[in-house]
Structures are given as C-alpha cells and as structure tokens.
Amino acid sequence: MYKILLVEDEPIFRFALKTLIEWEKYNIDMSLEAANGKKALDIIRDNMDIDVIITDINMPVMDGLKLIEEINEMSINPAIIVLSAYDDFHLVRQAFKYGVTDYILKREMEPEQVLELVLNVINKHNKVKKSHNQVKKDKNKFLKSLLSDRENNDINQDIDDYLIRLDSSNLTVFCILVDNFRQIESRYKDSIKDFERSVVRAIDQVLNRLEFGEVLPMSPDEYIIILSNRSNSMSKINNQINEILEGIRHVLFNGVNIKTSIGISDIKSGYDQIPFSYTQAKRNAQLRFLLGKGKNIFPKDSIYVKESNRHSIIGEEKELLKALDKLNKEAAFQELERIYGIISTFRIKKINDILLPYMELFFLISQYINDIDTDYSLPNEKVDFYEHIKAYETVDEVNAWIKSLVEDIINYLQEGRYLGISSSSKKAKQFIENHYMEKITFKNVCEHVHLSEAYFSKIFAKDLKLTFTEYLTKKRIEEAKTLLSDTDMKIYEICYSVGYANVEHFSRTFKKIVGMSPKQYKKS
C-alpha cells in the first residue's frame, strides 16, 4: 500500500481531500496528516517509507517551502505535490526549483483530476525509486570492492559513474558497531532491515551536509564510512574527523536511539590503501570488547600492551574449584577476579584470541560439575559456548556472565546439600510431584533418572527413608486430604484425581494411613 502524508493547516481542507476519493480502493493509505511542516517532520522521521507528501505552501510554524528544504536534507526521496492558491503561485514556481513533482490548485480540485494526478505521481515515483534502488545496489557493490584487495582498473571511471563522493587523498575509514545489538534485534525482530535503512539515512544526513564521504552497510550491526579530504593541514583533517564522529553519534542517538562504538583508521592516500584502512578500522572497533562500549577507538588506542606472554589459565583454577567444593561464594568470586586479572595480561594478536582462556575456564568448571555427578545443566549442553560468549560485546559482560554461572552453581549445590538427598533422588521426587495423579511405576521413575531399578531402589530409600511405593502413597494421600478439606469434590472424584483407579482400594489405603475413612475425614 502506498503511503501518503497530507500537510495542511486547515482541518476542513484535510478532511475534504481525504474523503473526496476512496483511496484504499487504489491501494493508497491517506491516514497520515499534519497541520504544519514541523509536525510533518516528526511524522516523517517515524515513517521514512512515505511515498508521497502533499503539502500546502502557506502554513504557520513551518511553511511548505521550509518543509521541502528539510526533506531534501534527509536522504529520503518521496514524491512531493504542493497545494496552492492562485495568489501564491509564485511560491509554486519556487517549489519546483526544490524538486517537487507536481501541484494542485485548491480552487480547481475535482476528485477525478486529483486522483489522476496522484496516480501519475505514484507511477513516476515508482520508476524513479526502482532506478534509484538499482543504482544504490550497484554503488554499494562497488564500495564493497574498494574494501577488498581486488584490482579495479576502472576505479576513477566508476567513481564518476556512481557519483561517489570520494577523492584519493587523505582517506580515512570508520567502522561503526551498534552497541547492545541483541536488544535492538529483539525490538525490531522481522523489520531489522528497516532499522538498517534508518541507520544509513541518519549517517547520510551528516555526509550530505559535508558533501563528501560514503556510508556502506555491512550488516544491521556494522557500518563502514569512507572519507577523504583534500586539505594539506593535518590538524584541519583531524578536527573534521572529530566533528564528523560527533555528528554521527548525535544523529544516531537522536534519530535512531542507538549508541555505537567506532573504530577509526590511520589517514592514508590512494584508493589502494582502503583495504588496509578497512581492516585497521574494523580491528579497532572490535577492541570495544576490551576497552568498553561507546568509544571512538583510534589506532593509538589499539596498542594493547601486556605484561605476560601467557595464553592459558590451566593450573590457576585449583583455588576456584576448592571454593566451589566448600560452597564459599565470596572465595569463588575472589578467585574469579584473580583469574580475570591474569587473562587481562595476555598478549593478543586478534580479538578472538582473548576468548580462548574463557573457554578454558568454562570447561574447567564444566568438568568439575560432571565429576561430582550432579544433574546441573550447563549452557554448552544446549548451545555452542564459543558462539555464546562471542555474542557478548565486552569482556566485562563475559566476566559478569561467568560470575553469574558460578553463583548459580553454588546456589544449586547448596540447595542439594540442604535437602540432604542425591540429585537422582531429587529428580525422582520432582517426577513424582508432577505425575502422582497418573499411573506411574517404579520402572517409569528409574527410566527417568537413567539408573537401574536395583541401584536406584537403594539410593531412594537411603535419601528419603521411604520406598518408592511408600513415598508415592504418602504424596497421593496428602493431596487427597487437601481436596477433602478444601473442595466439594465427591470421594470417587478425589480418588481418580490423585491417581487411584479403585475407590475401595483408595478408601482402605486412606484409612490405614490417616486412621479414618475419607468420608469421616471430610466430616471432621
């Protein structure tokens, strides 16, 4: 459905234009409206996919000409139709200089003519849009080729053909990573491509004002900017880079509501230097993992000097495992901080190298859990641990996650020891709690805990001081007592609801344990 925004300060005229024609019949949504240019801009920022804007010229707060100027700065390309009275036609001529598509004279507004005009404008706009999208697609493909080491013999010709706003002198590359992207992804879900387009449009606002530089989306969470500058003054170039960084952060935060980490390359001349600059900028951006989010990371920041050449924490885990064994949370946390400190001194060539000691730490903890034979489920049983920690954006987030894992393990072990039963008995107990109302057997439970009947019979009796049959009977009778006291259910209904198939057998068992029949218990 084509989306049209109507901008007009007279409510009656807005109503007339919206009701003159059955717009939905022509696949047109005319629901968006604004009383002035300022309100229109707010609507446009939330609806960047508007196809046509129909705007009056004379309006309070912000007139139509100013609105068109603002739209031209936004890197969006809607078709624009202006509404005009006879006495302001000179303003219509001025509007055409700003790139409007057509106009409607208010006093000659007939439904058939308006519909024909709007449909023609939409048709023209679609053709332009398709052509623009294809050019943009080809342009992005060319920009991606600049980032690789592949030879491009016609590079200068392509730069002219695609109207690329770059020069070969003083080239700089930015790599922009979206912070907290998992939250963004969750928020946008199936419309993540709309998010990507919003980011590109916001960055383009900054580059359009400068009239140089190109932005290239690599993925919804990564964007590359290539800049060039013909100035001979390095201080001016650096000042401009800082201004651009500030401008980009401003439009992304205020326009798209996101924060970013930005890696910046050295300044190089020659298009053949772009692949190196891209690699450098991306590596610097990835240092967000170590240096934290929301930073501009320059080449000078990437010298991550360490005190040690070690790359393994094997042997450092002994005191941590002792603390786990003693269920001493404070000591375990202290040992984790000590190990984190050791990891922070490792020399790294690639950012992913820092993940390896964390993998070692995770598997040492995993091995400890397996050795003490508990049913605690570690994340690696469900997901690839390496992929799991790669999803975190900073080392502090990984540290916090492993700390929460250790805390969870200690809480789990403390609960088991407080209950004084093995994990297998606890699992069986939970199974009975969930299925006592069904026809369950000891064999069912043994299969559930993956132990032989003979072996589990000993463990269960030792832990619960009851046999399986005694425990199941006790559970069923306790539930029956509750139902007799708190409900109006009949005795035969209660019998079936707690797992007995025979009322006589239920009544006999109940009297044996409670000392009175179900009927007598209900009366009492």
Side-chain angles (χ1 to χ4, degrees), residues 75-77 128-178 181 192-231 237 240-241 244-245 247-248 252 260-288 296-299 302 350-352:
S75 294
I76 59 171
N77 296 289
V128 171
K129 194 173 177 181
K130 284 179 183 176
S131 174
H132 175 76
N133 286 343
Q134 185 58 48
V135 169
K136 191 172 183 180
K137 189 175 178 182
D138 292 342
K139 177 179 176 179
N140 283 354
K141 187 177 178 182
F142 168 70
L143 288 172
K144 277 191 179 179
S145 75
L146 285 181
L147 304 180
S148 70
D149 287 319
R150 287 176 295 176
E151 287 188 15
N152 191 333
N153 296 325
D154 298 323
I155 191 165
N156 289 311
Q157 184 61 52
D158 286 335
I159 281 175
D160 289 340
D161 290 345
Y162 291 119
L163 304 177
I164 303 290
R165 298 172 300 191
L166 285 177
D167 187 82
S168 61
S169 57
N170 299 318
L171 288 156
T172 315
V173 176
F174 295 173
C175 176
I176 301 174
L177 298 181
V178 177
F181 182 69
I192 195 67
K193 277 292 178 184
D194 291 337
F195 166 77
E196 183 179 294
R197 284 189 283 270
S198 296
V199 172
V200 170
R201 281 193 292 261
I203 294 171
D204 255 334
Q205 285 183 44
V206 178
L207 300 182
N208 286 342
R209 284 197 293 269
L210 297 166
E211 297 185 350
F212 75 90
E214 298 290 345
V215 57
L216 174 66
M218 305 299 285
S219 66
D221 64 333
E222 180 185 343
Y223 303 83
I224 299 300
I225 294 176
I226 309 173
L227 301 170
S228 62
N229 196 310
R230 292 184 179 180
S231 173
I237 295 171
Q240 190 168 59
I241 286 172
I244 294 169
L245 288 168
I248 288 169
L252 290 180
T260 57
S261 299
I262 306 178
I264 302 102
S265 75
D266 283 317
I267 299 166
K268 302 276 186 181
S269 288
Y271 295 124
D272 60 332
Q273 295 299 310
I274 291 178
F276 168 82
S277 297
Y278 164 60
T279 302
Q280 186 184 40
K282 184 163 185 173
R283 187 173 65 242
N284 290 344
Q286 288 173 335
L287 282 172
R288 167 183 72 177
N296 297 327
I297 306 171
F298 291 88
S302 68
K350 296 180 293 184
I351 198 66
N352 285 346

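All residue numbers refer to positions in the sequence shown, counting from 1. These numbers were taken from a predicted model, which means no experiment stands behind them.
Looking at every heavy atom in both residues, Asp221 comes nearest to Ser219 through OD1-OG, 2.6 Å. Scanning both residues, Leu171 and Ile274, for their nearest heavy atoms gives CD1-CG1, 4.0 Å. Among all heavy-atom pairs drawn from Cys175 and Ala285, the shortest one is O-CB, 3.6 Å. Taking all atoms of both residues into account, the shortest heavy-atom contact from Pro220 to Glu196 is N-OE1, 3.3 Å. Residues Ser148 and Ser145 share a closest heavy-atom pair of OG-O, 2.9 Å.
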### Message
If you apply the rule side-chain contact (heavy atoms from CB on, under 4.5 Å), what do you find for Phe174 with Val215, and how did you get there?
### Response
CA-CA 9 Å; Phe174 295 173; Val215 57; over 6 Å; no
### Message
For Met218 and Tyr223: C-alpha separation, side-chain torsions, deciding distance, then whether side-chain contact (heavy atoms from CB on, under 4.5 Å) applies.
### Response
CA-CA 5 Å; Met218 305 299 285; Tyr223 303 83; over 6 Å; no
### Task
Mind running side-chain contact (heavy atoms from CB on, under 4.5 Å) on Ile226 and Thr172 for me, showing each step along the way?
CA-CA 6 Å; Ile226 309 173; Thr172 315; over 6 Å; no
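A distance of 4.5 Å separates CG in Asn229 from CD1 in Ile237, rounded to the nearest 0.5 Å. Taking OG from Ser168 and CZ from Arg230, the interatomic distance works out to 8.5 Å, rounded to the nearest 0.5 Å. Interatomic distance, CD of Glu222 versus NZ of Lys282, reported as 4.0 Å (0.5 Å rounding). Atom CD1 of Ile262 is separated from atom CZ of Phe298 by 9.0 Å, given to the nearest 0.5 angstrom. Rounding to the nearest 0.5 Å places CG of Leu252 at 9.5 Å from CD of Gln205. Interatomic distance, CG of Leu207 versus CG of Leu227, reported as 6.5 Å (0.5 Å rounding).
Put simply, the side chain of Phe212 does not reach to within 4.5 Å of the side chain of Ile164, judged on heavy atoms. Looking at Leu143 and Leu146, their side chains come closer than 4.5 Å, going by heavy atoms from C-beta outward. Contact check for Phe276 versus Val173: no side-chain heavy atoms found under the 4.5 Å cut-off.
In terms of modelled atom types and a separation under 3.5 Å, the side chain of Ser265 and the main chain of Tyr278 share no donor-acceptor contact. Using a distance-only test at 3.5 Å, with no hydrogens or angles considered, a donor-acceptor pair links the side chain of Ser228 to the main chain of Asp167. Panel note: side chain Arg165, backbone Gly213; a donor-acceptor pair is recorded below 3.5 Å. With Gln280 contributing its side chain and Pro299 its backbone, the two residues share no donor-acceptor pair below 3.5 Å. With hydrogens and angles disregarded, a donor-acceptor distance shorter than 3.5 Å links the side chain of Asn170 to the backbone of Ser231.
Screening Leu245, Ile225, Asn284 for a side-chain contact (heavy atoms from CB on, under 4.5 Å) involving Ile264 leaves a single residue, Leu245.
The side chain to side chain contact (heavy atoms under 4.5 Å, CB included) check on Ser198 picks up Arg201, Val256, with sequence neighbours excluded. Judged as a ring-ring contact (aromatic ring centres under 6.0 Å, His included), and not counting sequence neighbours, the contacts of Phe195 are Tyr188.
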